[in-house]
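What follows is a single structure, written as structure tokens, with notes after it.
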Amino acid sequence: MDVVGPLERGLAVLRVMSAPGGHRMRPSELARATGLARSTVDRVVATLVHLGHLREIDREVELAPPLMEPGNAYLAGCGIPDALGPVAERLADEFDESVSVAVPDGDGVRFVTQITRRRTMSLAFRIGDLLPAERCAPGPLFATEWDEAARAAWLARRASPERFPEHFPAVPARPPVEAEEFDRRVAHAAADGWAADDQLIEPGLIAVAVPVRGPSGRAACAVSVVSHTSRHTVASLAEATLPRLREEAGAMEAALARVLAERASGGPGAAAAPPAGADPARTAKRELGPEFLQSLARGLTVLCALDGTRSLSEVAESTGLARATARRALLTLEHLGYVEHAGRDFRPLPRVLELGYAHLSSLGFAEIVQPHMADLVRRTHESASMAVLDGDDIRYVARVPAYKIMSVDITVGTRLPAYATSMGRVLLAGLPHTERAARLAGADPRPITGRTVTDPAELATIVEGAAEQGHAFVDEELEEGLRSLAVPVRDRAGQVVAALNVATHAARGPVEETLAALLPPLTETASRIEADLRAVTRGRRLRLP
Ligand code: PHB
């Protein structure tokens, strides 16, 4: 088989970095862990950095949120988070316990949705984490559908327990489960239509699961309710939740069938078509030369474009690649277990979530924005901050100070009146008109310096201007000598969720020069933050601090 080498090596690097503790590594460590030559690692890293999947920090490289795109494409295509997410939320509220949704993945079970409640006592799994079938509640449900080959693969894997940590890094290793014991649980699952986990992962952690069938009649996924022995036994958990789970299973199957039908017919559930045409790998190759591995870039582009079942022609068209190139990438991805094909159709497998998804999907807001703000500070030599609107105030949620003697002294949590700050003005500008007017009317603006604008009509005009221009500039209205420039940061729905600013000293120079120097890097940074937020908020809500 004609495997695309650079793609295979690039994915090997990403897998090493996806293992526990691997999300940030030196290239020399990567060479050691992958067994690849240092020069190969350098080219793989340069390519992945160029694509945005990795970023360089000091002398290390780190996984970056755009790497979630292949996983996001898989999740969108399988329809499960979109169809079942709302029901899972409702059930978690109703039971006041965690609810998760997992799909079969070889002889393992991979999480695609996690609604976490009351999780303080147990380890929490992340979207993308893989559990061994014999150590969790959904496993026996999926194993009822295994054929001879699948069972043989499971037996073979069980026979090499020393490889357990490498297969299932999210689960603490334990002596292997007896095959007869698992067979008994599979038989029960087949007879009863549900299965349980009685502390098979760790002491105290229990779960019950029911299958949710796809249009083919096979189990597309399983919904688990997860509790702790301090609140329930498996019997009491089953008694408390199974009737409702069974009731909702039908609704979930209907919802899944609906989402998949909508996607197939290009209806509301269908993914936005990726931009057709121009193969970006070609331009990058011209810019970066031999350091850029074109076929690695193209393989990842193919994986990102695979949001459900797609024919070779569709993949070639949506990526702008030649058919032969797209085909070689798809076959390599199939060989590596990320894609499967039937006839002319290819579809992504849940294993794509193995590529950094679990780590990246558990990043918090501050962790996502911080590297971008640090970069902004490096470029502008000024302090950068982020704030959200909180009543009539703005509240700082992130800050990276510039290393200067004279810089403004503000920390996370600091509140300032919205009307007198650049961030406040872009946040107010992001509100619907009526709400914006109400907030301005209720603000009771007072002079803070001799230059503070306090006239409500004038403030309304300024905020309107900020809405039109996409930025706000405040010149010594909050503090003598302090200038600040802010832009909005929007979520995937286009809603302004935060503001990003840089603060500078009036003595730095004329206003026009300050604006010309600061606005481009500020706007660029906001776009990068927005792209990361889009990647990490597919199928989950990100809590602002
Ligand atoms: C979980 O969602 O954390 C979970 C699910 C099934 C199990 C154990 C834990 O068996």
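This chain uses plain numbering: 1 for the first residue, then up along the sequence.
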Tell me, which pairs form a side-chain hydrogen bond (donor to acceptor under 3.5 Å, both in side chains) where one or both residues lie in residues 21-37, sequence neighbours left out?
Arg24-Glu60
Counting distance only, does the side-chain N/O of Thr113 pair as donor-acceptor with the main-chain N or O of Val101 below 3.5 Å?
no
Give every residue pair that meets the salt bridge (Lys or Arg N to Asp or Glu O under 4.0 Å) criterion with at least one member in residues 351-361, sequence neighbours excluded.
Arg351-Glu354
Decide yes or no for Val61 and Met17: does some side-chain heavy atom of the first lie under 4.5 Å from some side-chain heavy atom of the second?
yes
Indicate yes or no for a side-chain donor-acceptor contact from Glu513 to the backbone of Pro510 under 3.5 Å, with no hydrogens or angles considered.
no
Would you say Arg538 and Asp82 make side-chain contact, with heavy atoms under 4.5 Å?
yes
Examine distances only and state if a side-chain atom of Arg425 and a backbone atom of Gly465 form a donor-acceptor pair shorter than 3.5 Å.
no
Is it true that a side-chain atom of Ser295 and a backbone atom of Val4 form a donor plus acceptor pair closer than 3.5 Å?
no
Enumerate the ring-ring contact (aromatic ring centres under 6.0 Å, His included) contacts for residues 443-466, please, sequence neighbours excluded, ordered by first and then second residue.
none
Donor-acceptor pair, side chain of Thr414 and main chain of Tyr396, under 3.5 angstrom:
no
Do any N or O atoms from the side chain of Arg298 and from the backbone of Leu321 form a donor-acceptor pair under 3.5 angstrom?
no
Which heavy-atom pair separates Pro488 from Gly470 by the least distance, and what is that distance?
CD-O, 3.2 Å
Checking side-chain polar atoms at under 3.5 Å, does Glu382 have a donor or acceptor matched by the opposite partner on Thr504?
yes
Cut-off 3.5 Å, side chains only: do Arg446 and Thr454 have a donor facing an acceptor?
no
Does a donor on one side chain sit under 3.5 Å from an acceptor on the other, for Tyr419 and Asp392?
no
Please check this pair: side chain of Ser383 against backbone of Ala402, looking for a donor-acceptor N/O pair closer than 3.5 Å.
yes
Any heavy-atom pair between the side chains of Arg117 and Ile115 that's under 4.5 Å?
yes
Indicate the ring-plane relationship of Phe111 and Phe125, choosing parallel, tilted or perpendicular according to the 30° and 60° boundaries.
parallel
Main-chain N/O of Glu477 paired to Thr452 side chain as donor or acceptor, under 3.5 Å:
yes
Heavy-atom side-chain proximity of Tyr357 to Val352 below 4.5 angstrom:
no
Apply ring-ring contact (aromatic ring centres under 6.0 Å, His included) to Tyr338 and list each qualifying residue two or more places apart in sequence or on a separate chain.
none
Is it the case that over 12 heavy atoms from other parts of the model lie below 6.0 angstrom from the CZ atom of Arg451?
yes
Step by step, would you call Arg90 with Asp93 a salt bridge (charged side-chain N to carboxylate O under 4.0 Å, His left out)?
CA-CA 5 Å; Arg90 213 165 55 230; Asp93 279 343; over 6 Å; no
Please check: side-chain N/O of Asp129 versus main-chain N/O of Arg126, any donor-acceptor pairing under 3.5 Å?
yes
Do any N or O atoms from the side chain of Arg110 and from the backbone of Gly128 form a donor-acceptor pair under 3.5 angstrom?
yes
Shortest non-hydrogen pair, Thr309 vs Glu314, comes out as O-OE1, 4.2 Å
Side chain to side chain, Leu515 and Phe473, heavy atoms closer than 4.5 Å
yes
Are Leu428 and Leu431 side-chain neighbours, meaning at least one heavy-atom pair lies under 4.5 Å?
yes
Got Leu518 and Leu522 here, is their nearest side-chain heavy-atom distance under 4.5 Å?
no
Extract all donor-acceptor atom pairs below 3.5 Å that involve side chains of residues 490-501 and protein atoms in other chains or at least two apart in sequence.
from, atom 1, to, atom 2, distance (Å)
Arg490, NH1, Gly494, O, 3.1
Asp491, OD1, Ala493, N, 2.9
Asp491, OD1, Gly494, N, 3.1
Asp491, OD1, Gln495, N, 2.9
Arg492, NH1, Arg534, O, 2.5
Asn501, OD1, Ser385, N, 3.4

What distance do Leu11 atom CG and Leu300 atom CG have between them, rounded to the nearest 0.5 Å?
6.0 Å
What residue pairs, at least two apart or across chains, pass salt bridge (Lys or Arg N to Asp or Glu O under 4.0 Å) with a residue in residues 514-525?
Arg379-Glu524, Glu524-Arg528
Could Arg55 and Glu62 be called an ion pair, given the rule that one side-chain N must be under 4.0 Å from one carboxylate O?
yes
